[in-house]
Amino acid sequence: MYPIVDKKVLSENVKLLKIKAPLVAKKALPGQFIILRIDEKGERIPLTIADSDPKEGTVTIIFLEVGKTTKQLGILDVGDSLENFAGPLGLPSEVKKYGTVVCVGGGVGIAPLYPIVKALKKEGNFVISILGAKTKDLLLLESEIHASSDEFYIATDDGSKGHKGFVSDVLQQIIDKHQVDMVMAIGPIIMMKVVSNLTKKYHIKTLVSLNPIMVDGTGMCGGCRVSIDGKTKFACVDGPEFDGHKVDYDNLMLRNRRFVHAEGEACKMAGDQ
Amino acid sequence: MSVRKTKHEMPEQPPQERIKNFKEVPYGYSKEIAIEEAKRCLQCKNKPCMKGCPVEIDIPGFINFIAQGDFEKAAEVIKAKNNLPAISGRVCPYESQCEGECTLRKIGEPVGIGRLERFIADFEREKGKKPPKKPISTGKKIAVVGSGPAGLTCAGDLARMGHSVTVFEALHDPGGVLMYGIPEFRLPKAIVKSEVEYIKSLGVEINYDVVVGKSITVQELMDEFDAVFIGTGAGLPNWLNIPGENLDGVYSANEFLTRVNMMKAYRFPEYDTPVKIGKIVVTFGAGNVAMDCARTSLRLGAEKSYILYRRTEAEMPARAEEIEHARQEGVVFKLLTAPIRFIGDEKGILKEVEYLKMELGEPDDSGRRRPVPIPGSEEKLAIDTALVAIGQSPNPLIPQTMKDLKIGKHGNIITDEDGQTSVQKIFAGGDIATGAATVILAMGAGKRAARAIDAFLKKKP
Ligand SMILES: Cc1cc2nc3c(=O)[nH]c(=O)nc-3n(C[C@H](O)[C@H](O)[C@H](O)COP(=O)(O)OP(=O)(O)OC[C@H]3O[C@@H](n4cnc5c(N)ncnc54)[C@H](O)[C@@H]3O)c2cc1C
Ligand SMILES: Cc1cc2nc3c(=O)[nH]c(=O)nc-3n(C[C@H](O)[C@H](O)[C@H](O)COP(=O)(O)OP(=O)(O)OC[C@H]3O[C@@H](n4cnc5c(N)ncnc54)[C@H](O)[C@@H]3O)c2cc1C
Ligand code: SF4
Ligand code: FES
């Protein structure tokens with residue numbers, strides 16, 4: 001059992017939990033994720049490690065409530081425990097000195113971006129961060145990421161804060177002004193696709209973190225397969241980070257809708273209870 | 001007195017009934033039938049059947065006790081060698097192991113050794129297993145990676161030798177393929193759990209959610225333990241590598257079976273994990289895994305369940321019993337056909353498979369006649385779900401993270417007969433060493449490795 005030792009409500013349906021999991025905390029690196037199961041009847045779901053403290057033996061996860069499991073997770077509180085918490089899984093982020101890097105985070109993708117921003121900064125990169133969300137209330141970790149960045153921008157769909165429009169508009173402006181050596185983008189698939197299409201024109205190395213539906217997270221089921229440069233890769237062991245210019249985003253979008261109908265049913269059931 | 005030439009029939013659920021549930025298909029022998037079957041045994045002096053048993057059970061010994069009606073003694077004889085008889089008694093391909101060597105085959109069918117083993121294991125489980133005597137502790141610590149049949153057997157045997165054993169398992173349940181792969185109707189999960197409880201009662205500790213190579217490295221295990229056994233199996237699914245394989249509706253056998261068995265998707269939405277299969281399901285491949293997929297599909301409500309295989313029935317690698325069960329249940333075999341592409345609709349959802357007819361040509365390396373496509377024989381079949389069950393390769397995670405471990409060309413860890421790898425303190429066995437094989441071979445490898453580890457530790461100061 002893995003006890004919840006801290007909880008924060010970041011916005012209406014984005015929650016932060018700190019979980020006691022010493023083995024995971026000891027090994028966690030930016031870009032890696034965990035798989036958890038709330039109880040014996042639960043689904044195994046992957047969540048990125050947003051922060052970890054090896055001394056305390058804790059791992060922080062931040063999640064958006066989208067369906068049955070994440071909603072159930074959002075109800076839990078300090079003192080409750082999770083049945084399973086396995087990790088750290090996946091390959092760590094490619095953190096090294098690139099020069100000038102732009103970190104683009106959208107929606108709940110901002111959470112996994114945070115440890116990467118910190119690590120890139122520590123390596124001596126000039127870090128420019130762009131955070132995007134539908135509206136200002138949905139922006140996560142704003143001050144934390146701001147503090148670790150050399151330049152910092154915000155874009156909201158409704159213009160309630162920062163630039164009104166997409167993160168890619170801001171990225172375009174930065175590319176026009178700066179020599180950019182690498183772009184790291186984590187967020188909705190469509191955002192990563194748009195960012196990758198933009199940077200491809202300028203031949204800027206771009207890394208994205210993919211979030212296909214997973215089951216085991218150990219390379220055993222192939223449910224998480226993604227098409228990279230026409231080759232099949234398993235995101236849980238070969239990723240989740242990939243070269244943004246090589247990803248088949250349309251296939252990923254399609255595969256992530258695989259159980260939409262059934263998930264609705266599970267939620268309805270949960271609501272009925 | 002002349003010996004009955006055939007095995008006593010195994011009572012089982014009728015096909016039309018059983019395709020509507022996930023309950024076990026064969027009910028098992030009654031006491032009376034078991035005794036009668038045991039009496040068929042000739043008690044051969046040279047025990048040919050034992051040569052076919054990788055875990056070295058004294059077969060005529062336990063059968064003799066059954067014939068006398070002393071089931072407890074029979075259980076003791078089996079348990080002296082095999083810690084998991086309720087499992088091997090159900091899924092072992094006995095026809096090519098012990099029963100394949102049985103003297104009675106000269107005049108008819110062999111003794112139903114597998115059925116008798118299952119009978120005794122079930123008898124013992126229902127009665128409550130005897131807690132074994134704890135041996136004197138040797139003070140040596142061994143780490144076992146993976147809780148499949150190889151790991152569990154190795155762990156159990158080492159514990160009985162007095163060593164302290166800790167198992168590290170990546171998933172949340174023990175058993176490996178026994179839990180996530182083989183369906184409930186062939187191997188009930190409560191039985192796997194009960195066998196694992198027995199291993200734990202021998203003093204073995206099992207840690208879940210530990211992905212060795214990620215959560216903890218093999219090097220760290222080597223520093224903390226006196227020896228390490230790797231039994232991580234062959235979990236990497238093979239693909240057909242044809243266009244359309246990433247469409248919505250194409251699953252690997254592993255994903256499909258894991259969702260249904262380990263995550264209990266057949267009880268969705270009571271359990272949270274979904275699976276969807278539609279009306280027409282096609283399974284590719286013809287091994288045990290493929291039969292399991294095709295039969296599971298029927299139980300999930302598929303109206304048609306096909307098996308597509310590029311060779312003929314004679315080459316099908318599945319056990320005869322599994323093929324027979326599948327056929328009784330209405331699985332349709334399309335032989336000498338090879339898929340060439342999957343076709344989806346505008347939303348990317350699987351709609352059709354296109355395949356070619358084949359004919360048998362010259363024998364290949366394996367001695368089987370190679371299937372060759374018949375030009376212009378393309379056909380299409382409308383389908384909802386495709387299950388790819390054409391084999392698994394050894395799990396790459398540990399080989400990838402251990403530079404000095406010698407790896408074969410199929411990604412398997414290279415060992416000697418006793419499981420010794422190229423690194424002194426590390427032993428390995430089961431599917432990770434042989435490539436995808438069988439439960440009993442994995443158990444045999446675990447057993448030999450336990451003995452080798454014990455010898456290695458005794459040599460060490
Ligand atoms: C490597 C990885 C890291 C991730 N990190 C985070 C994270 O840090 N924070 C976070 O909030 N989410 C993250 N996700 C996504 C998260 O796993 C899913 O949101 C979660 O599994 C949904 O489960 P559910 O039962 O609540 O929703 P469900 O009831 O399963 O689904 C509800 C809706 O969400 C969609 N959905 C289901 N699974 C996914 C998925 N994997 N990705 C996108 N949409 C999905 C469904 O299609 C459906 O529309 C990550 C996914 C991966 C693969
Ligand atoms: C669907 C199906 C049906 C089958 N039917 C039969 C049958 O009827 N009869 C028969 O004899 N054989 C059958 N087999 C084959 C048989 O199940 C395998 O040969 C056998 O299970 C191999 O045992 P193992 O212990 O080597 O590995 P596995 O059973 O694969 O167990 C390996 C374990 O190691 C764990 N693991 C992997 N990597 C790590 C890691 N890095 N850290 C920690 N843990 C890890 C896995 O999670 C798993 O629990 C079937 C196989 C399948 C898939
Ligand atoms: S070979 Fe057959 S008949 Fe002979 S001892 Fe073994 S089981 Fe009995
Ligand atoms: S989640 Fe199963 S292989 Fe990646």
Side-chain angles (χ1 to χ4, degrees), chain A residues 2 21 23-24 26-27 32 34-45 67-69 72 83-91 213 215-227 232 234 237 248 250-263 265-270, chain B residues 168-173 176-177 180-181 207-217 220 232-239 241 245-259 262-265 267-276 344 347-349 388 392 395-397 400:
Chain A
Y2 304 86
L23 221 47
V24 184
K26 204 167 129 197
K27 286 278 154 57
Q32 290 188 297
I34 55 91
I35 287 211
L36 64 78
R37 198 172 66 132
I38 298 177
D39 55 33
E40 195 254 324
K41 292 188 174 171
E43 191 172 8
R44 292 170 68 95
I45 67 156
K68 168 96 200 277
T69 307
Q72 199 184 338
E83 181 84 21
N84 301 99
F85 197 84
L89 302 171
L91 300 174
I213 293 173
V215 184
D216 57 301
T218 67
M220 176 270 277
C221 77
C224 67
R225 64 194 186 275
V226 290
S227 174
T232 294
F234 290 3
V237 286
D248 182 343
D250 297 338
N251 185 251
L252 178 60
M253 271 184 242
L254 162 118
R255 291 188 54 79
N256 267 8
R257 283 196 300 264
R258 287 198 289 156
F259 301 102
V260 170
H261 178 72
E263 301 289 9
E265 201 183 321
C267 272
K268 246 196 325 226
M269 273 279 294
Chain B
F168 296 92
E169 168 57 52
L171 299 173
H172 60 256
D173 271 334
V177 170
Y180 74 69
N207 290 334
Y208 301 104
D209 303 332
V210 185
V211 185
V212 174
K214 293 282 178 189
S215 318
I216 190 165
T217 62
E220 284 169 303
T232 48
L236 183 71
N238 297 342
W239 298 101
N241 293 317
E245 207 159 21
N246 290 343
L247 289 169
D248 178 357
V250 185
Y251 294 83
S252 75
N254 274 1
E255 183 185 0
F256 175 69
L257 293 171
T258 301
R259 282 180 180 274
M262 191 171 75
M263 305 311 296
K264 302 213 165 22
R267 287 163 71 181
F268 180 86
E270 180 199 352
Y271 282 74
D272 292 345
T273 305
V275 71
K276 82 174 176 210
K347 289 200 212 108
I349 297 170
V388 180
Q392 283 100 236
N395 238 313
L397 201 63
Q400 266 167 14

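Numbered from 1 within each chain, the chains take letters A, B, ... in sequence-line order. Bear in mind the structure is a predicted one, so any value in this text is a computation, not a measurement.
With hydrogens and angles disregarded, a donor-acceptor distance shorter than 3.5 Å links the side chain of K276(B) to the backbone of R258(A).
Of the residues considered (R37(A), R255(A), K26(A)), R37(A) shows the highest number of contacts with chain B, using heavy-atom pairs under 4.5 Å. For the set G217(A), S227(A), G90(A), the count of heavy-atom pairs under 4.5 angstrom toward chain B peaks at G90(A). Contact count against chain A (heavy-atom pairs under 4.5 Å) is highest for S215(B) among G348(B), S252(B), S215(B). Of all the listed residues (T273(B), V388(B), N246(B), N254(B)), the one sharing the greatest number of non-hydrogen pairs under 4.5 Å with chain A is N246(B).
Residues H172(B) and R44(A) meet the side-chain proximity criterion, which asks for heavy atoms closer than 4.5 Å. Taking the side chain as every heavy atom from C-beta outward, P274(B) and E43(A) approach each other to under 4.5 Å.
Both the backbone and the side chain of L91(A) come within contact range of chain B, with heavy atoms under 4.5 Å apart. Only the backbone of E83(A) comes within less than 4.5 Å of a heavy atom in chain B; its side chain stays farther off. Only the side chain of V215(A) comes within contact range of chain B, with heavy atoms under 4.5 Å apart. The contact between N251(A) and chain B is made entirely by side chain atoms (from C-beta outward), counting heavy-atom distances below 4.5 Å.
For E220(B), the side chain to side chain donor-acceptor pair (under 3.5 Å) partners are K27(A), T217(B), not counting sequence neighbours.
Below 30°, between 30° and 60°, or above 60°: for Y251(B) and F259(A) the angle between ring planes is between 30° and 60°, a tilted geometry.
Sorted by first and then second residue, the salt bridge (charged side-chain N to carboxylate O under 4.0 Å, His left out) pairs with a member in residues 207-216 of chain B form an empty list; sequence neighbours excluded.
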